[in-house]
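Okay, so here's the structure we're looking at.
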2 protein chains.
Amino acid sequence: MRDHEKPEIRKLPLFRDMQTENFERLMQAAYAQAFPAQLDLIHQGEPADFLHIVMEGAVELYAKWRSNETTMAVVRPVSTFILAACIKDAPYLMSARTVEKSRIIMIPAEDLRATFRIDPDFAVSTISELASCYRSVVRHAKELKLRNSRERVAAYIQRQSRRAGDAASFILPAEKKLLASYLGMTPENFSRAVKSLQPFGVVMDGPRIIITDRGALDQVAGTNPLIDGPDPSAESPRLETDGPSNIPGHLKVI
Amino acid sequence: MRDHEKPEIRKLPLFRDMQTENFERLMQAAYAQAFPAQLDLIHQGEPADFLHIVMEGAVELYAKWRSNETTMAVVRPVSTFILAACIKDAPYLMSARTVEKSRIIMIPAEDLRATFRIDPDFAVSTISELASCYRSVVRHAKELKLRNSRERVAAYIQRQSRRAGDAASFILPAEKKLLASYLGMTPENFSRAVKSLQPFGVVMDGPRIIITDRGALDQVAGTNPLIDGPDPSAESPRLETDGPSNIPGHLKVI
DNA sequence: CGCGCTGTTTGATCTGTATCAAGTTTGCTC
DNA sequence: GAGCAAACTTGATACAGATCAAACAGCGCG
């Protein structure tokens, strides 16, 4: 593990409050690895042996069933993923692959479970982390069930803009077909949905989104903090995934 | 609170392992209340002041957005709900109403948060509980994104049958329109979907489902424990909701 | 017991989204 | 910088599922 990495991990809400001694022991047991793009890291159904942390690059979490595949999240540095499977000592519910060249740190699930049993502060952090993750997925499920595809795209653009500090313009953080899959639609429909938002103040120029009329966008998106988050108490916006925890200022999930 | 209720709560995985002293203190702070059917208990967006436990009856968790409403879960005795919101001291993401006459016990969220800070065993139970809840919602989201409506119904019937001990016949645990909403479809389509499963060994007779050809049903449902659960480690099947934890043998969520 | 409400089923139609099929652009490799 | 593959866009068509409408069943209540 590189010198700068340990303090970066230590800053994550999940690891911030634990005993230094325990943190050091976890880091001792961990190991880092670099992966090329498009490499499978995890197959759903396998036993969860490691908590993963993305240090560089990006990782897609996806689920497969029969011939279908859907993106559940894209995790960016510095974030953990698949925390819940590690805790339950259960099979992964999702698969993971690198989107780009990535550096991943892996902490043995065994050590993780041992640690929150002896470190009450770490236990509390884990509780908080899991509760946040839970709420993120609930938001995702609500969105899928309550909004149509155009509304989902509008809300997504709004969230991204807010995350960029209410910027009127931002770059989409992943390939459009990935975003489309995450939002539960085909790439074709994603494209059409964005286009259909043009009368409502949204322009797309390649990978860039420009918001020319926030009021109109808000109208379509029907913004609701209960769906779109983030939780007021969270210090960084948090989205869908199995254990994202980010350093404020770092872009996180999709 | 009635005499028999405290031990029933104590048997829940969430409360089973904590210090007796702390459990007693929580119960002291709690209070019970009876509600008629169709009464709103919780509105999404309100601050989460209490962890709820259904002792009798049934509670629907649902989400609203604009004019749409969707059922997220039906919670049956003995189960907790909206744990995550309590932990984060954040607004409820879902609303709740009684489906039938119900008895509910409410534990102040404040006491809950204080307790897992001083009781490491309770903290561990809470972690386990939240991780299970998280995985349940992920399964729900996967199901919505990967399966079409007929497949969702087939998988649902399969789950219910398994929960009834692989029974060839069982009674649907809630109104069909409720199940339909939970499964992300209209009541009309739920009805049609079940009918379309007739060639695959599923017959519906009023509220009763009869499986005449399990092999054929398995074929359509494309059973996958990673979607359909339960986790092998869980002692009772667990489904979607914000904190269900059940006494084995009690029917739980939808 | 019959009335009326609510839930369920069935059929007809409509619509949002997927699929299929070209094009067009982008970006990477050599 | 040419050539190629992959991503993206656009249009045409197909289909799953929603909506609308109506008949029917079950159940609570007077």
Side-chain angles (χ1 to χ4, degrees), chain A residues 36-38 58 60 65-71 74 97-101 143-157 171-198 202-209 220, chain B residues 36-38 58 60 65-71 74 97-101 143-154 156-157 171-198 202-209 220 254:
Chain A
Q38 295 302 326
E60 176 194 3
W65 185 69
R66 292 193 172 161
S67 59
N68 297 325
E69 208 179 282
T70 188
T71 304
V74 173
R97 69 166 78 94
T98 55
V99 176
E100 31 186 280
K101 191 166 173 302
E143 173 141 299
L144 290 169
K145 290 179 90 173
L146 289 171
R147 300 213 253 231
N148 67 24
S149 63
R150 198 180 70 165
E151 288 161 346
R152 291 201 295 279
V153 169
Y156 176 75
I157 289 174
I171 303 285
L172 291 170
E175 282 182 347
K176 287 170 190 173
K177 66 170 185 174
L178 236 153
L179 299 181
S181 174
Y182 169 65
L183 294 171
M185 64 192 78
T186 58
E188 291 98 321
N189 255 354
F190 178 78
S191 196
R192 281 188 265 263
V194 175
K195 206 175 170 189
S196 79
L197 289 173
Q198 217 161 303
V202 174
V203 182
M204 181 162 62
D205 178 25
R208 175 171 293 280
I209 297 287
V220 185
Chain B
Q38 297 300 328
E60 176 192 5
W65 184 68
R66 292 191 171 165
S67 59
N68 297 325
E69 207 178 284
T70 188
T71 303
V74 175
R97 68 166 79 94
T98 54
V99 175
E100 32 186 279
K101 193 168 175 299
E143 171 141 302
L144 290 169
K145 289 179 92 172
L146 289 171
R147 299 212 253 231
N148 66 27
S149 62
R150 200 180 69 164
E151 289 161 346
R152 292 202 294 278
V153 170
Y156 176 76
I157 289 174
I171 303 285
L172 291 170
E175 282 180 351
K176 287 169 190 174
K177 66 169 186 173
L178 235 154
L179 300 180
S181 174
Y182 170 64
L183 294 171
M185 65 192 78
T186 58
E188 292 97 322
N189 253 356
F190 177 79
S191 195
R192 282 188 264 264
V194 175
K195 206 176 171 188
S196 79
L197 289 173
Q198 217 161 301
V202 174
V203 182
M204 181 161 64
D205 178 25
R208 175 171 293 279
I209 296 286
V220 185
I254 292 204

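Chain identifiers are assigned alphabetically (A, B, ...) following the order of the sequence lines, protein sequences preceding nucleic acid strands; residue numbering begins at 1 within each chain. Below, each value reflects all heavy atoms present in this structure, side chains not excepted, and no hydrogens, waters or symmetry copies.
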- Query: Should B/Val153 and B/Arg150 count as side-chain neighbours, where that means a heavy-atom distance under 4.5 Å?
  - Reply: no

Subject >> Test item: B/Arg147 and A/Asn68 side chains (from C-beta on) under 4.5 Å apart, heavy atoms >> reply: no

Taking atom [atom2] of [N] as reference, at what distance in whole Å does atom [atom1] of [X] sit?
X: A/Lys177; N: D/dC8; atom1: NZ; atom2: P; value: 7 Å
X: B/Lys176; N: D/dG26; atom1: NZ; atom2: C1'; value: 11 Å
X: B/Asn68; N: D/dA18; atom1: CG; atom2: C1'; value: 11 Å
X: B/Glu175; N: D/dC27; atom1: CD; atom2: P; value: 11 Å

Sub-3.5 Å pairs of nitrogen or oxygen atoms, protein against nucleotides 14-17 of chain D:
residue: D/dG17; atom: OP1; partner: B/Ser149; partner atom: N; Å: 2.9
residue: D/dG17; atom: OP2; partner: B/Ser149; partner atom: OG; Å: 3.0

key: Spatial distance of atom CG (A/Asp205) from atom CD1 (A/Ile171) [nearest 0.5 Å]   =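 If we round to the nearest 0.5 Å, A/Asp205:CG and A/Ile171:CD1 are 8.5 Å apart.
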
Contacts of B/Glu188 that satisfy salt bridge (Lys or Arg N to Asp or Glu O under 4.0 Å) - sequence neighbours left out: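 By the salt bridge (Lys or Arg N to Asp or Glu O under 4.0 Å) rule, B/Glu188 matches no residue at all.
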
Residues passing the side chain to side chain contact (heavy atoms under 4.5 Å, CB included) test with B/Gln38, sequence neighbours excluded, are B/Arg97

Its 5'-most and 3'-most nucleotides having an atom under 4.0 Å from a non-hydrogen atom of chain A, DNA chain C is contacted over C/dT17 to C/dC20

Could you go over nucleotides 11-13 of chain D and give all protein N or O partners under 3.5 Å, atom names and distances?
residue: D/dG11; atom: N7; partner: A/Arg192; partner atom: NH1; Å: 3.0

* Asked: Where the side chain of B/Lys145 meets the backbone of A/Thr71, is there a donor-acceptor pair that is under 3.5 Å apart?
  -> yes

Axis-to-axis angle across the helix from C/dC1-D/dG30 to C/dC30-D/dG1, five pairs each end, nearest 10 degrees, ~ 40°

task = Begin from the C-alpha positions of A/Arg152 and A/Leu144 and carry the test side-chain contact (heavy atoms from CB on, under 4.5 Å) through to its verdict.
result = CA-CA 8 Å; A/Arg152 291 201 295 279; A/Leu144 290 169; 4.2 Å; yes

Could you give me the CA-CA distance, side-chain angles and deciding distance for A/Leu146 and B/Arg66, then say whether side-chain contact (heavy atoms from CB on, under 4.5 Å) is met? CA-CA 9 Å; A/Leu146 289 171; B/Arg66 292 191 171 165; over 6 Å; no

Could you walk me through whether B/Val194 and B/Lys176 pass the side-chain contact (heavy atoms from CB on, under 4.5 Å) check?
CA-CA 11 Å; B/Val194 175; B/Lys176 287 169 190 174; over 6 Å; no

